[in-house]
**Student:** 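Before I ask anything, here is the structure I am working with.
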Amino acid sequence: MFLYISLRSMEKRVRLRFAPSPTGGLHMGGVRTALFCYLYAKKHGGDFVLRIEDTDQTRYVNGAEEYIINSLKWCGIEPNEGVGFGDGPHAPYRQSDRKNLGIYQKYAEQLINSGHAYYAFDTSEELDAMRKRLEAAKVAAPQYNAVTRQNMRNSLTLPEDEVKKLLADHTPYVIRLKVPRNEEIRFHDIIRGWVTVNSSQVDDKVLLKSDGMPTYHLAHIVDDIEMQISHAVRGEEWLPSAPSHILIYRYLGLEEQMPKLAHLPLILKPDGNGKLSKRDKSGLPMFPLNWFDERTGESYKGYRESGFMPEAFINMLALLGWNPGDNREIMSKEELIESFSFERVNKSGAKFDPEKTKWFNQQYLRKKTDAELAQEVMPLLKEKGITKDLMFVEEFCRLVKEKAHFITEFYDLGSYFFEAPTTYDEKVVAKKWNAEVKNTFEKLVPKFEAITNWNSQTLHDDFQLAQNELGKIDMQMLRVLISGVAGGAQLFDFLALIGKDEVVTRLKTALTKL
RNA sequence: GGCCCGUUCGUCUAGGGGUUAGGACGCAUCCCUUUCACGGAUGAAACACGGGUUCGAUUCCCGUACGGGCUACCA
């Protein structure tokens, strides 16, 4: 008795799971769900579990499971238990494996025995016919429920002998939840508060499919119980089926052990309406890593390959539908963990903002040292056939980074560091170029050639001296002659880096071309 | 259609019975700069609508509109 009381009064250990289906690449909405679970678990010193919900064999996609694991790794939201992250006390963590152990069957039978579930033998044709009939009769919500089940072929309508015979003959059947006709079902959601639904709106959900696999509805409940999950967190699209789940817990006698529920708001498309899809016309990826769908042959861009930093990606995601309650936006993972709570998650869906997403990455980009940036930029330059030394690349990074949002932009932003221009900004030329200006620049060339200690400072000083003699020289024009473009990095630093010979050569070339 | 959930600047959001309704992204202007950016300053920009409740509602309640989700032997 004493033990019973102390167990009940003890707070359950915090354990959250992320439970995706391996039906494709992990969408950024899924990443956010995983992130919130991770943050909460870490904040409370709990566990974060990865469970793979592969009960739909027809939708299984090769490589999806591995993709999910790699994505979580890249994002730095690693489970401490589950598929791909080491088995804990509740292995296996893949539902198809658990099914083979008979885990779900047991619970389904318990519900049958207690009279809360029944066998249904209807074929898909019969089900279609039933729905058509109901639609024709203008029934508002055609579904298999307390009323319609009376006209279907199941263990509630068929004589006991026949049911036994059908089962003995291995006639395909499903097990359905017997939902009462008219009962208020009330449940609490951490984010939404109390939600009430009448059971007349809830259909007799299939619990066990004819292939012996459980549906999501049964499987996730069984696993959440067996894995001692404290908080069931998922997207808002699950809210309508939550009443069914409450009933299952109740009929299993597990309402006391039921995890707390949290339904996250959806991430919406930047423009127009609806859920974020696999592609967005903003051009930003919807997946953490590149994803290739074997079945459709389509490939999708990933944040990683687009030059995003994982810290920036999860920071952006965390602030989509959540905030710390103060004005902080740039937050490290540690700060996110420290500040996170489901109470501060918004109820309404959030439109994904591509511009702000870029801004997040830019903020993190600026925090990196030039040396760190060079490490990442170097290989990208090599791909372009550029083999400058590390010192050069570091300085290049210093000069270009303030304009960049992504590592992958560095080359495009500063290709003139590596290649002499072939064209010259037309606007600037049209506005500033004439015979007199040309003459001035021709006189400037030997001044540059005469500089012995070639660096940004002497360049600056000697340029001033040259102007005293030759008159004012337009710096933007100088920039265009050497880089070809009207804007770019700090001019003298740029000239210092590419070197005297290169500058002089480029100037001479420009003077012959213009 | 039915059921459920939601609604503060264009977007992400803070706030909450009495506020000049705050911040961020983006946008505009100005300053700095003989180039380019960063940076700084300033500005435009919101409580969906209609009824209640109240001395007073953006905030609480009810409707309406709008948006979203669900409505499978998919998750």
Side-chain angles (χ1 to χ4, degrees), chain A residues 19-24 53-56 58-59 120 122-124 127-128 131 135 138-144 172-176 189 191-193 195-198 200-203 205-217 219-220 234-243 263 265-266 268 270-271 273-275 316 319-330 344 346-360 362 366 399-404 413 428 463-464 467 472-480 483 485-494:
Chain A
S21 294
T23 55
E53 309 218 324
D54 57 345
T55 54
D56 187 354
T58 62
R59 292 208 307 158
D122 316 280
T123 64
S124 54
L127 290 171
D128 281 348
R131 289 193 189 99
E135 269 170 47
K138 300 250 163 69
V139 172
Q143 55 185 12
Y144 208 116
Y173 68 86
V174 299
I175 293 180
R176 282 183 183 271
D189 181 287
I191 296 168
R192 280 147 218 286
V195 178
T196 309
V197 181
N198 191 284
S200 61
Q201 302 301 326
V202 180
D203 66 338
K205 288 245 166 357
V206 171
L207 266 19
L208 210 65
K209 301 187 259 189
S210 55
D211 63 358
M213 276 285 185
T215 58
Y216 167 83
H217 306 292
H220 92 275
R234 76 244 280 202
E236 193 185 355
E237 70 268 27
W238 290 105
L239 205 48
S241 58
H263 289 92
L266 265 13
L268 276 13
D271 57 337
N273 307 316
K275 271 206 277 193
M316 176 278 290
L319 270 89
L320 217 46
W322 173 85
N323 70 81
D326 51 44
N327 284 337
R328 282 178 299 163
E329 290 199 301
I330 300 301
R344 292 207 65 87
N346 285 306
K347 294 181 177 72
S348 48
K351 280 189 184 172
F352 168 71
D353 185 346
E355 287 307 318
K356 188 115 186 200
T357 301
K358 291 179 191 169
W359 175 82
F360 269 107
Q362 187 183 38
R366 289 192 186 150
L399 294 174
V400 169
K401 74 171 172 188
E402 59 203 12
K403 309 191 63 165
L413 247 23
V428 176
F463 184 71
Q464 296 300 342
Q467 283 191 118
K472 195 174 178 230
I473 302 169
D474 190 280
M475 278 182 74
Q476 192 181 32
M477 196 61 240
L478 177 62
R479 171 189 292 282
V480 169
S483 75
V485 293
Q490 170 62 18
L491 185 56
F492 290 122
D493 288 352
F494 157 60

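Residue numbering restarts at 1 for every chain, and letters A, B, ... go by the order of the sequence lines. Values below: all heavy atoms of this structure, side chains included; hydrogens, waters and symmetry mates excluded. Predicted, not measured: the structure shown is a model, and the values here were computed from it.
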**Student:** CG of A/D54 versus C1' of B/C73: gap in Å, rounded?
**Tutor:** 16 Å
**Student:** Could you tell me whether the side chains of A/N346 and A/S348 share a donor-acceptor contact shorter than 3.5 Å?
**Tutor:** no
**Student:** Scan A/E355 against the nucleic acid and name what it touches under 4.0 Å (heavy atoms): base, sugar-phosphate only, or nothing.
**Tutor:** sugar-phosphate
**Student:** Could you give the distance separating B/G22 and B/C62 at their P atoms, to the nearest angstrom?
**Tutor:**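 Their P atoms lie roughly 29 Å apart.
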**Student:** Check this for me: does any side-chain nitrogen of one of A/K209 and A/D211 sit under 4.0 Å from a carboxylate oxygen of the other?
**Tutor:** no
**Student:** Could you check which of B/C70, B/U7, B/G39 has an atom nearest any side-chain atom of A/R366?
**Tutor:**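 The nucleotide sitting nearest to the side chain is B/G39.
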**Student:** With respect to the phosphate group of B/U71, does any side-chain polar atom (N or O) of A/K205 fall under 4.0 Å of OP1 or OP2?
**Tutor:**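 A/K205 to B/U71 OP1/OP2: no side-chain N or O under 4.0 Å.
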**Student:** CE/A/M316 to OG1/A/T357 distance, rounded to the nearest 0.5 angstrom?
**Tutor:**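 Answer for the CE-OG1 pair, A/M316 versus A/T357, is 4.0 Å.
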**Student:** For A/G235, which contact category applies under a 4.0 Å heavy-atom criterion: base, sugar-phosphate, or nothing?
**Tutor:**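 Here A/G235 touches no strand at all.
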**Student:** Over how many whole Å does the gap from A/L208 atom CG to B/A75 atom P extend?
**Tutor:** 12 Å
**Student:** Nearest to the side chain of A/Q201, which nucleotide is it out of B/C3, B/C5, B/A75?
**Tutor:** B/C3
**Student:** Whole Å only: how far is the CG atom of A/L319 from the C1' atom of B/A14?
**Tutor:** 12 Å
**Student:** Taking the minimum atom-to-atom distance to the side chain of A/L266, which one of B/G68, B/C12, B/G22 wins?
**Tutor:**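 Taking heavy atoms from C-beta onward, the closest nucleotide is B/G68.
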**Student:** Side chain of A/V195, heavy atoms from C-beta onward: which of B/A37, B/C4, B/A24 has the nearest atom to it?
**Tutor:** B/C4
**Student:** Applying a 4.0 Å non-hydrogen cut-off, can you work out what A/G488 is touching in the nucleic acid: base, sugar-phosphate, or nothing?
**Tutor:**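 Counting heavy atoms under 4.0 Å across all strands, the contact made by A/G488 includes a base.
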**Student:** Can you measure from CG (A/L478) to CZ (A/F492) and round to the nearest 0.5 angstrom?
**Tutor:**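 Answer rounded to 0.5 Å: 6.5 Å.
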**Student:** Keeping A/S21 on the side-chain end and A/E53 on the backbone end, is there a donor-acceptor pair under 3.5 Å?
**Tutor:**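 Yes: the side chain of A/S21 pairs with the backbone of A/E53.
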**Student:** Quick one: is A/N346 getting a side-chain N or O under 4.0 Å of the B/A14 phosphate, OP1 or OP2?
**Tutor:**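 Yes, such a contact exists.
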**Student:** Under 4.0 Å between any heavy atoms, over every strand shown, what does A/R344 touch: base, sugar-phosphate, or nothing? Just pick one.
**Tutor:** sugar-phosphate
**Student:** Just call it for A/L478: base, sugar-phosphate, or nothing, with non-hydrogen atoms closer than 4.0 Å on any strand.
**Tutor:** nothing
**Student:** What interatomic distance, in whole Å, is found between C1' of B/C9 and the corresponding atom of B/U13?
**Tutor:** 11 Å
**Student:** Give A/A486 one of three labels, base, sugar-phosphate or nothing, depending on what nucleic acid heavy atoms sit under 4.0 Å from its own.
**Tutor:** sugar-phosphate
**Student:** Calculate the interatomic distance between A/D353 atom CG and B/A24 atom C1'; express it in whole Å.
**Tutor:**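 Spelled out: CG on A/D353 to C1' on B/A24 is 10 Å.
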**Student:** Using a heavy-atom cut-off of under 4.0 Å over every strand shown, decide if A/R131 touches base, sugar-phosphate, or nothing.
**Tutor:**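 Result for A/R131 = sugar-phosphate.
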**Student:** Looking at every strand, decide which applies to A/K275 at a 4.0 Å heavy-atom threshold: base, sugar-phosphate, or nothing.
**Tutor:**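 A/K275: backbone/sugar contact only, no base atoms under 4.0 Å.
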**Student:** Taking the side chain of A/E237 as its heavy atoms from C-beta onward, which of B/C73, B/G69, B/C25 lies nearest to it?
**Tutor:** B/G69
**Student:** From the list B/C36, B/C4, B/A75, which nucleotide is the closest neighbour of the side chain of A/Q490?
**Tutor:** B/C36
**Student:** Is there a side-chain contact between A/E329 and A/W359 in this structure, where contact means two heavy atoms from C-beta onward sitting under 4.5 Å apart?
**Tutor:** yes
**Student:** If each of A/K472 and A/R192 is mapped to the nucleotide of RNA chain B with the nearest heavy atom, which maps nearer the 5' terminus, i.e. the 5' end?
**Tutor:**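 Result: A/R192.
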**Student:** Regarding B/C70, can its base be found pairing with the side chain of A/S241 as donor and acceptor, where the two atoms are less than 3.5 Å apart?
**Tutor:** no
**Student:** Say we look at B/U71 and B/U19: how far apart would their C1' atoms be, to the nearest angstrom?
**Tutor:** 44 Å
**Student:** Roughly how many Å is it from NE2 in A/H217 to P in B/C74, rounded to a whole number?
**Tutor:**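 About 9 Å, once rounded to whole Å.
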**Student:** Between B/G6, B/C12, B/C36, which one does the side chain of A/K347 approach most closely?
**Tutor:** B/G6
**Student:** Nearest to the side chain of A/V174, heavy atoms from C-beta on, is which of B/A75, B/A14, B/C73?
**Tutor:**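 Nearest nucleotide to the side chain: B/C73.
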**Student:** For the P atoms, the ones on B/C47 and on B/U59, what distance do you get once it is rounded to whole angstrom?
**Tutor:**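 Here B/C47 and B/U59 have their P atoms 12 Å from each other.
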**Student:** Look at the side chain of A/W359 and decide which nucleotide, out of B/U7, B/C3, B/C25, has an atom nearest to it.
**Tutor:**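 Minimum distance to the A/W359 side chain belongs to B/C25.
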**Student:** Output the rounded distance in Å from NZ (A/K351) to P (B/G68).
**Tutor:** 9 Å
**Student:** Between C1' on B/C9 and NZ on A/K356, what's the gap in Å once rounded to a whole number?
**Tutor:**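 Atom-to-atom, A/K356 to B/C9, this comes out as 13 Å.
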**Student:** Could you tell me how far apart A/H263 (NE2) and B/C4 (P) are, to the nearest whole angstrom?
**Tutor:**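 A/H263 atom NE2 is separated from B/C4 atom P by 15 Å.
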**Student:** For nucleotides B/A45 and B/U11, find the distance between their C1' atoms and express it as a whole number of Å.
**Tutor:** 12 Å
